[in-house]
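Notes for the one structure printed next.
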Amino acid sequence: MMNRRQALATTLLSGAALSLITQNRAPAAGPTPGAPVPSGPFTVPPLAYAYDALEPFIDAETMQLHHDKHHTAYVTKLNEALAGDGKIYAGKSIEELLTSLSSMPEALQKTIRNQGGGHYNHTLFWQMLKKDGGAPSEALSTAIHQSFGSIEDFWKKFAEAATKQFGSGWAWLVVGADKKLAVVSTPNQNSPISDQQTELLGLDVWEHAYYLKYRNKRADYIAAFPKIVNWDFVNSRFAKATT
């Protein structure tokens with residue numbers, strides 16, 4: 001039978017053990033609070049969903065690293081550029097920056113295209129993702145059939161663009177200046193907006209977007225993408241681009 005001192009020691013040890021378990025327990029899933037806020041005019045928008053919201057198609061660890069680390073790095077370097085050689089452009093929106101590249105010094109063009117493009121592309125990408133995300137609107141569905149023949153043919157063309165993009169880059173469904181749909185790919189962080197195209201849907205095929213889960217099987221990652229498209233967001237962008 002324990003005396004009073006032994007009982008107190010046992011209680012303290014149990015409490016300490018419980019504290020350690022609590023400290024090491026994985027945090028419950030919930031909407032991400034966003035990455036650390038870089039200093040400057042641009043910030044990383046928080047995700048509207050939990051890191052694990054797209055599983056099993058995109059895993060939570062990939063989403064956290066992709067959003068909190070990679071996107072933050074683009075924004076940090078973009079802000080640094082706008083505080084230095086690009087300070088005369090610091091008041092412009094990201095869209096204004098990416099559509100006025102030709103007016104910038106060559107070295108700054110490269111930085112804005114890469115870092116600004118990385119920020120812009122990813123800001124769109126997070127909003128394009130949603131599990132059970134609906135379907136194309138009647139207007140968009142009609143346009144897809146007119147441009148590609150069918151939804152299935154569109155996805156084949158999109159997958160081909162994503163697969164054949166050599167190295168890092170993106171595959172996109174865009175609306176051109178002629179209001180017609182097209183599938184294009186861009187290298188690195190180049191953005192279709194710089195070519196007067198409106199991005200409706202994009203897939204990041206940089207390795208950091210899929211390698212933890214899919215390893216070198218880019219084709220499997222591409223095949224999973226149609227299951228996590230936020231069609232409400234895509235439909236909205238299509239309506240704005242064609243009216």
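Around CD of E61, the count of heavy atoms belonging to other residues, nucleotides or ligands within 6.0 Å does not exceed 12. When the shell of 6.0 Å around NZ of K179 is examined, it contains more than 12 heavy atoms from other residues, nucleotides or ligands. Residue E96 qualifies as enclosed at atom CD: its count of foreign heavy atoms under 6.0 Å is above 12. Counting heavy-atom neighbours within 6.0 Å of K157 NZ, excluding the residue itself, gives a total of 12 or less. Crowding of K213 atom NZ: a count of heavy atoms from other residues, nucleotides or ligands under 6.0 Å exceeding 12.
Other residues sharing the hydrophobic cluster of L65, ordered by chain and number and joined by side-chain separations under 4.5 Å: L212.
Hydrophobic clustering keeps F166 apart from Y211 (ILVMFWY residues linked when any side-chain heavy atoms are closer than 4.5 Å, directly or through intermediates).
Among residues two or more places apart in sequence or in another chain, the side-chain hydrogen bond (donor to acceptor under 3.5 Å, both in side chains) test is passed with T62 by D59. For A159, the side chain to side chain contact (heavy atoms under 4.5 Å, CB included) partners at least two apart in sequence or on another chain are I222. Under the rule for a side-chain hydrogen bond (donor to acceptor under 3.5 Å, both in side chains), the partners of Q165 that lie at least two apart in sequence or sit in another chain are S185. Remark: H208 pairs with H66, H70, W206 by the ring pair (Phe, Tyr, Trp, His ring centres under 6.0 Å) rule, at least two apart or across chains.
Using a 4.5 Å heavy-atom cutoff, the side chains of L200 and V175 are in contact. With contacts defined as side-chain heavy-atom distances shorter than 4.5 Å, the pair R218/V205 qualifies. When side chains are defined from C-beta on, K77 does not count as touching T111, because their heavy atoms never get closer than 4.5 Å. Side-chain contact between V44 and Y74: absent, with no pair of heavy atoms (C-beta onward) separated by less than 4.5 Å. Taking the side chain as every heavy atom from C-beta outward, W170 and F125 approach each other to under 4.5 Å. Here the side chains of K131 and F57 are in contact, with some heavy-atom distance below 4.5 Å. Within the 4.5 Å cutoff, the side chain of Y120 has no heavy atoms near those of the L97 side chain. Counting only heavy atoms from C-beta outward, the side chains of F238 and L181 approach each other to under 4.5 Å.
Between the side chain of D232 and the main chain of A135, no donor-acceptor pair closer than 3.5 Å is present. The backbone N or O of S137 sits less than 3.5 Å from a side-chain atom of N235, completing a donor-acceptor pair. Side-chain atoms of N230 come within 3.5 Å of backbone atoms of Q127 as a donor-acceptor pair (strictly under, hydrogens ignored). Judged by distance alone, the side chain of S100 and the main-chain N or O of S103 form no donor-acceptor pair under 3.5 Å. The closest donor-acceptor contact from the side chain of H67 to the backbone of P45 lies under 3.5 Å. With hydrogens and angles ignored, the 3.5 Å screen pairs a side-chain donor or acceptor of S194 with a backbone N or O of L98. Between the D178 side chain and the K180 main chain, a donor and an acceptor come within less than 3.5 Å of each other. Using a distance-only test at 3.5 Å, with no hydrogens or angles considered, no donor-acceptor pair links the side chain of Q115 to the main chain of V75. Not a single donor-acceptor pair under 3.5 Å links the side chain of D204 to the backbone N or O of A209.
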Handout entry: Intermediate values then yes/no, side chain to side chain donor-acceptor pair (under 3.5 Å), T76 and N79
Key = CA-CA 5 Å; T76 298; N79 286 338; over 6 Å; no
Practice task
Decide side-chain contact (heavy atoms from CB on, under 4.5 Å) for I112 and L78; before the verdict, give the C-alpha distance in whole Å, the side-chain angles of both, and the deciding distance to 0.1 Å.
Solution key: CA-CA 7 Å; I112 299 300; L78 173 61; 3.7 Å; yes
Exercise for the section: Please test D153 against H145 for side-chain contact (heavy atoms from CB on, under 4.5 Å), starting from the C-alpha separation and ending with a verdict. Expected result: CA-CA 9 Å; D153 288 336; H145 280 79; over 6 Å; no
Exercise for the section: Just do the side chain to side chain donor-acceptor pair (under 3.5 Å) check on D68 and Y51 with the steps written out, would you? Expected result: CA-CA 10 Å; D68 291 5; Y51 295 123; 2.7 Å; yes
Handout entry: Stepwise side-chain contact (heavy atoms from CB on, under 4.5 Å) check, Q197 with V184
Key = CA-CA 10 Å; Q197 297 170 324; V184 301; 4.1 Å; yes
Exercise for the section: Starting from the C-alpha separation in whole Å, work towards a yes-or-no answer on side-chain contact (heavy atoms from CB on, under 4.5 Å) for L203 and M128. Expected result: CA-CA 9 Å; L203 179 60; M128 293 170 176; over 6 Å; no
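Minimum heavy-atom separation, G117 to S191: CA-OG, 3.6 Å. In terms of heavy-atom proximity, F154 sits nearest to I144 at CB-CG2, 3.7 Å. Heavy atoms only, all atoms of each residue included: H119 and T123 are closest at O-OG1, 2.8 Å. The minimum heavy-atom distance between Y89 and P105, with the atom names listed, is OH-CD, 4.1 Å. Among all heavy-atom pairs drawn from V234 and L140, the shortest one is CG1-CD2, 3.8 Å.
Side-chain rings of F225 and Y221 stay apart, their centers remaining 6.0 Å or farther from each other. You'll find the ring centres of W172 and F158 outside the 6.0 Å limit.
To the nearest 0.5 Å, atom CD1 of residue I58 and atom CG of residue L129 are 5.5 Å apart. Here the OG-CD distance, from S141 to Q146, works out to 10.0 Å after rounding to the nearest 0.5 Å. The CG atom of D52 sits 10.0 Å away from atom CE of M63, with the distance rounded to the nearest 0.5 Å. Here K110 contributes atom NZ and N188 contributes atom CG; the two are 9.5 Å apart, rounded to the nearest 0.5 Å.
Residue pairs meeting the salt bridge (charged side-chain N to carboxylate O under 4.0 Å, His left out) criterion with at least one member in residues 192-202, sequence neighbours excluded, are E199-R237.
If you check the side chains of N121 and Q189, you find a donor sitting under 3.5 Å from an acceptor.
Aromatic ring pairs are classed by plane angle as parallel below 30°, tilted from 30° to 60° and perpendicular above 60°; the pair W126 and H122 is tilted.
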